[in-house]
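Notes for the one structure printed next.
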Amino acid sequence: GNFGHSTNKKRMKRKLFITAVLAAAALLNTGCGNDMETQITGKYEHPDLPGQTFEFAAGNRYVKTMKAGDTDCTIEYTGTWNVDGDSLFVENGPEKPAYHFGDSMTDAQKDIIRRLAESGQQPRLAFRIAGVDSLALSLERGGRIVTYNRVK
């Protein structure tokens, strides 16, 4: 009788261990949208605004880079991003945007660009993730889906 009893206990412990490992693996794959965040991580370009990019970097760092109209200026906004369920949230950071002005820019033009860039920024945006793969990220906001092409 003793022999069978200890084998049963071992088998039970092993079963519990395997169940715990499988449960932990399932949690890691679904918890906090980590898998979706891994898929989204990258840099994308806006299809209608060449040169405007969105980078969803590791550590949930977000960088939006855009040209200031036809001027010789690039503006860089930073913040954070995260995935919750089927939604992507982008939060603009408290710091002011970084400006990369070309030599042709006058002080007056720089002031106008700074004023415009620092006014209409929404602190937090939410998008529904309509799709993501190795080539593109499709986001829906206000009933409109925009597909951003992956550049990195």
Side-chain angles (χ1 to χ4, degrees), residues 13-152:
K13 276 187 178 170
R14 193 163 154 219
K15 208 176 217 175
L16 277 172
F17 176 73
I18 290 170
T19 305
V21 167
L22 290 174
L27 242 173
L28 284 174
N29 285 337
T30 56
C32 305
N34 289 340
D35 193 39
M36 185 60 80
E37 286 184 4
T38 302
Q39 288 181 54
I40 288 174
T41 299
K43 188 174 189 176
Y44 302 87
E45 185 172 46
H46 195 295
D48 307 324
L49 304 166
Q52 181 169 324
T53 61
F54 305 90
E55 185 170 5
F56 301 101
N60 295 84
R61 205 171 92 70
Y62 167 74
V63 181
K64 172 180 156 185
T65 306
M66 59 188 287
K67 293 269 298 154
D70 295 333
T71 66
D72 187 11
C73 171
T74 306
I75 306 167
E76 206 171 85
Y77 299 89
T78 57
T80 58
W81 68 281
N82 72 297
V83 172
D84 188 3
D86 70 346
S87 296
L88 170 68
F89 296 93
V90 175
E91 201 141 345
N92 286 305
E95 55 282 329
K96 289 186 174 184
Y99 301 94
H100 307 282
F101 293 112
D103 296 335
S104 65
M105 299 290 296
T106 66
D107 287 344
Q109 288 173 316
K110 291 177 186 178
D111 288 342
I112 291 168
I113 288 171
R114 280 192 190 101
R115 247 199 327 275
L116 288 172
E118 292 165 28
S119 65
Q121 276 300 298
Q122 289 173 291
R124 184 179 163 114
L125 296 172
F127 302 89
R128 188 182 70 78
I129 302 163
V132 61
D133 60 27
S134 61
L135 300 174
L137 170 63
S138 297
L139 298 175
E140 180 187 352
R141 186 158 179 260
R144 181 168 169 256
I145 294 176
V146 177
T147 299
Y148 302 89
N149 304 309
R150 192 184 289 265
V151 291
K152 183 170 113 186

From [X] [atom1] over to [Y] [atom2], what is the distance, rounded to the nearest 0.5 angstrom?
{"X": "M36", "Y": "N82", "atom1": "CE", "atom2": "CG", "result": "13.0 Å"}
{"X": "L88", "Y": "L139", "atom1": "CG", "atom2": "CG", "result": "5.5 Å"}
{"X": "Y62", "Y": "L125", "atom1": "OH", "atom2": "CG", "result": "7.0 Å"}
{"X": "T53", "Y": "N149", "atom1": "OG1", "atom2": "CG", "result": "12.0 Å"}

Set of side chain to side chain donor-acceptor pair (under 3.5 Å) partners for T41, sequence neighbours left out: none
Residues two or more places apart in sequence or in another chain: which of them pass side chain to side chain contact (heavy atoms under 4.5 Å, CB included) with [X]?
{"X": "V146", "value": "H46, P47, R144, Y148"}
{"X": "I112", "value": "R115, L116"}
{"X": "L135", "value": "D133"}
{"X": "R128", "value": "D86, A130, E140, I145"}

E37 versus N60, closest heavy-atom pair with distance: OE1-ND2, 3.5 Å
Shortest non-hydrogen separation from C73 to M105 and the atoms involved: CB-CE, 4.2 Å
Within residues 64-73 or reaching into it, pairs that qualify as side-chain hydrogen bond (donor to acceptor under 3.5 Å, both in side chains) - sequence neighbours excluded: none
Residue pairs fulfilling ring-ring contact (aromatic ring centres under 6.0 Å, His included) with at least one residue in residues 119-145, sequence neighbours excluded: none
Pairwise ring-ring contact (aromatic ring centres under 6.0 Å, His included) hits with a residue in residues 74-98, at least two apart: F56-W81
Close side-chain approach of R150 and L137, heavy atoms under 4.5 Å: no
Side-chain heavy-atom pair M66, L49 within 4.5 angstrom cut-off: no
Qualifying salt bridge (Lys or Arg N to Asp or Glu O under 4.0 Å) pairs, either residue in residues 95-106, two or more places apart: K96-E118
Residue list, salt bridge (Lys or Arg N to Asp or Glu O under 4.0 Å) with E55, at least two apart or on another chain: K152
F101: ring pair (Phe, Tyr, Trp, His ring centres under 6.0 Å) partners, not counting sequence neighbours: Y99
With sequence neighbours excluded, residues passing ring pair (Phe, Tyr, Trp, His ring centres under 6.0 Å) with H100: none
